[in-house]
Number of protein chains: 2
Amino acid sequence: MKKKATIVDIANKLGITPSAVSKALSGHPRISDETKLAVIAAAKALEYTPNHMAMGLRKGTSGLIGILVPAIHYSFFATAIKGAEEVLSQAGYNVIIAQSKDNAALERKQLEGLVRAQVEGIIASMAIETKDFSFYQELSFDIPLVLFDRTFEDDNVSTVIVDDFAGAVKAVDHLVEMGYSRIAHLGGYAHILPFGKRIEGYKSALAKHGLPFRKEYLFQCAPNKDEGAQATERLLQLPEPPDAIFAASDYLAFGAIKAAKKQGLHVPDDLGLVGFSNEEFSAQVSPSITSVDQFSEAMGASAAELLVRQMREGKGGKEFIAQKRILSPKLIARESSLRKVKTTLHTP
Amino acid sequence: MKKKATIVDIANKLGITPSAVSKALSGHPRISDETKLAVIAAAKALEYTPNHMAMGLRKGTSGLIGILVPAIHYSFFATAIKGAEEVLSQAGYNVIIAQSKDNAALERKQLEGLVRAQVEGIIASMAIETKDFSFYQELSFDIPLVLFDRTFEDDNVSTVIVDDFAGAVKAVDHLVEMGYSRIAHLGGYAHILPFGKRIEGYKSALAKHGLPFRKEYLFQCAPNKDEGAQATERLLQLPEPPDAIFAASDYLAFGAIKAAKKQGLHVPDDLGLVGFSNEEFSAQVSPSITSVDQFSEAMGASAAELLVRQMREGKGGKEFIAQKRILSPKLIARESSLRKVKTTLHTP
DNA sequence: TTGAAAGCGCTAACAG
DNA sequence: CTGTTAGCGCTTTCAA
């Protein structure tokens, strides 16, 4: 590995000073086109690459944005990162990623790591077990921060979320329309905002349709297959089991399908199912899972745009105003809820 | 945003010099435990965070590793990144990710971006359209580089791959065992090493079983559903269509299933299918796809370990020796190849 | 055991 | 239009 050329090298080669080179390279107005050209040529000849760290140290910038998610291999997060990365790299930033593994302690450690790496802004989605938001709140004073999907209520923090309440209502509406009436909900933990909103939407939609809310029909679980299967088993053992389940994640819904099949039930004829997030596998499993699409890529891109704008405003001196972006979710109907015979049993 | 404390602040507070603070903080041996403790306490009180860029500029390190993949939302790459991120963050590095979108020009641009960000090492998987490896070769002189999965042949570059030849042989062996005899191959582009090896393994396994190689049974496509479906349609129109397909990716295999269904063929009874990579959806589609698992997470982790070791050796002065790691793939048999009636038609 | 001084590569006043 | 100078925050000889 040969040592890299610096602006000093190119200044020497040309018999001018480093500062002239610096100006030429950054297109400073008050420098002759002649030297600009010469500098650019010399830079190419010496294979000069600017040293970001030196520049960063001087200018107080790093060109780095941190993205923290629970797990990058969940397709929702992977797709959101993709969306964000494209916007950010377009805007000239490099993206550092970190995973919390849904663990509050690790989340904190990773956030500190990002800060230490001098990121200029952070995009994050909270760990499922995080209940203490103070760290995020403090962070938002020091550094531009945008939360997406897994957020909490705070007027000072910008967020991008899907309208989870509306999504839940759409899911329940759809199940009712398909003739189901005993609709259970496999929810996430209510303290995480989107899951709380989905629970609220679920309850509200039940009320709208004159259906009773039964608390034995509501489970709060971690959003994975196993908990979905376990909760479903419990639901099916009730004296009056549900005829449909609205799950707050497709992983939960998939677990529910497994459990239902194990009990010899047919989906959707015996048990209707709607998930949330529209994961890649949901269209491809059998039966395919009806799901509420939350436009993960758009969400990541939107969070990135918001962050970039926020950083620009922060630089301009004036305080930025925290923004809340709410995307409208869309129900994608698939096999798991489309039963042939619609039997409307409930009496409103 | 309050401005951050520096070692100068903490030196002033304690009435000592910055250099003493620096030494205390880095656990330098020749500094009294007394001042060490005082420094640590003061650092905490002032909420001191070290400035990575200043440190990097001084020591010539950035603590950054770049990972470049074609697309981070493909589960294979997402999982590999997860594996690598865990190893790297354990080793004290931050991870920058970049996507090439399988586009050679963008790949190059992104690699340059990583270099400019002063990454200390790069882990990459090549874009599908890249045919000119010289940029990677030059890069490997300047910076520790480990390629995984999508690699090329070069003795000076470390690589982590799965034994693609062996994987292809396992796939064909399995199909033959299930009684298929007219086995086609939907391959990737042969110039990308793993795809080339799979083609070789396919041919070799056919020969081993006394089956003829027919060039009309071999397609080279981009590894996605659409090309898989198109190629399969063409295959099924042949005067003597295949009774099984070994696809070099699960996306291709999934496209093949779609095409077969469209033609009214039953998988696996009319057409046996084996994919490659064992994507998340492969276990869950219907019929589930038999696939060759390449241990994506282990691959990412292994690449990261190799890179870390390489960087350490490079620092030690002695030249590192490029290593080739080869993981052994495993066939996971699922519905798409398990037909009930095994009919062995071919005469060896 | 600590301090003084120099410098990593770059930029931004301010002079010339 | 270009040069001079100083310094971003930190580490690292060398000297005390």
Side-chain angles (χ1 to χ4, degrees), chain A residues 1-40 42-43 46-64 92 115-120 142 315, chain B residues 1-40 42-43 46-64 92 115-120 142 315:
Chain A
M1 311 187 203
K2 61 202 172 230
K3 55 179 170 293
K4 287 166 192 150
T6 74
I7 60 169
V8 178
D9 297 324
I10 117 157
N12 288 340
K13 178 169 178 170
L14 263 45
I16 57 178
T17 63
S19 78
V21 176
S22 170
K23 283 167 196 154
L25 252 17
S26 58
H28 192 102
R30 298 193 304 196
I31 210 94
S32 71
D33 286 354
E34 192 186 1
T35 41
K36 264 180 196 165
L37 256 24
V39 165
I40 289 168
L46 295 172
E47 294 184 337
Y48 167 76
T49 29
N51 184 328
H52 260 204
M53 284 181 326
M55 197 179 106
L57 178 57
R58 186 64 240 253
K59 305 216 294 190
T61 62
S62 65
L64 260 24
V115 170
R116 226 179 341 240
Q118 313 289 124
V119 294
E120 292 179 45
D142 291 336
K315 241 175 235 166
Chain B
M1 310 188 199
K2 61 204 173 231
K3 55 179 171 292
K4 286 164 193 152
T6 73
I7 61 169
V8 177
D9 297 322
I10 118 158
N12 288 342
K13 179 171 176 168
L14 262 45
I16 57 176
T17 62
S19 78
V21 175
S22 170
K23 284 167 196 155
L25 252 17
S26 58
H28 193 103
R30 298 191 305 195
I31 211 94
S32 72
D33 286 354
E34 193 186 0
T35 42
K36 262 178 197 166
L37 257 23
V39 164
I40 289 168
L46 295 173
E47 294 185 334
Y48 167 76
T49 28
N51 183 327
H52 261 204
M53 283 181 326
M55 196 179 106
L57 179 56
R58 186 64 239 251
K59 304 214 297 191
T61 63
S62 65
L64 259 26
V115 170
R116 224 175 346 234
Q118 313 289 125
V119 296
E120 293 180 44
D142 291 336
K315 241 174 234 166

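Side chains included, hydrogens not; waters and symmetry mates left out as well; all remaining heavy atoms used. All values reported here derive from a predicted model rather than from experimental measurement. Below, chains carry the letters A, B, ... as their sequence lines are ordered, and counting in each starts from 1.
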Quiz prompt | 5' to 3' contact window, DNA chain D with chain B (heavy-atom distance under 4.0 Å) | solution = dG9(D) to dT13(D)
Quiz item: With side chains defined as the heavy atoms from C-beta onward, is the minimum distance between Asp142(A) and Val115(A) less than 4.5 Å?
Solution: no
Self-check item: Euclidean distance, Met53(B) CE relative to Asn51(A) CG, rounded to 0.5 Å
Solution: 10.5 Å
Quiz item: Do you know the tightest heavy-atom contact between Lys36(B) and Ile31(B)?
Solution: CE-CG2, 2.9 Å
Under-3.5 Å N/O pairs linking protein and nucleotides 9-12 of chain C:
unit_1  : atom_1 : unit_2   : atom_2 : d
dG9(C)  : N2     : Ala54(A) : O      : 3.2
dC10(C) : OP1    : Tyr48(A) : OH     : 2.6
dC10(C) : OP1    : Asn51(A) : N      : 3.4
dC10(C) : OP2    : Ile7(A)  : N      : 2.6
dT11(C) : OP2    : Ser22(A) : OG     : 2.8
dT11(C) : O2     : Arg58(A) : NH1    : 2.1

Practice problem: Have a look at the helix from dT1(C)-dA16(D) to dG16(C)-dC1(D) and give the angle its two end axes make, five pairs each, rounded to 10 degrees. | Solution: 40°
Self-check item: Side-chain (Asn12(A)) to main-chain (Asp9(A)) donor-acceptor, under 3.5 angstrom
Solution: no
Practice problem: List the atom of Pro18(B), the atom of Ala11(B), and the distance in Å for their closest heavy-atom pair. | Solution: N-CB, 3.6 Å
Exercise. Compare every heavy atom of Ala43(A) with every heavy atom of Ile10(A), then report the nearest pair and how far apart it is.
Key: CD1-N, 4.0 Å
Exercise. Determine the minimum heavy-atom distance between Ala117(A) and Leu64(A), stating which atoms define it.
Key: O-CD2, 3.7 Å
Quiz item: Does some side-chain heavy atom of Leu14(B) sit less than 4.5 Å from a side-chain heavy atom of Val21(B)?
Solution: no
Self-check item: Leu25(A) to Tyr48(A) - nearest heavy-atom pair and separation
Solution: CD2-CE2, 3.8 Å
Exercise. Could you tell me the separation between the CG atom of Asp33(B) and the C1' atom of dT2(C), rounded to a whole number of Å?
Key: 14 Å
Quiz item: Taking all atoms of both residues into account, what is the closest heavy-atom pair of Ser62(B) and His52(B), and its distance?
Solution: O-ND1, 4.3 Å
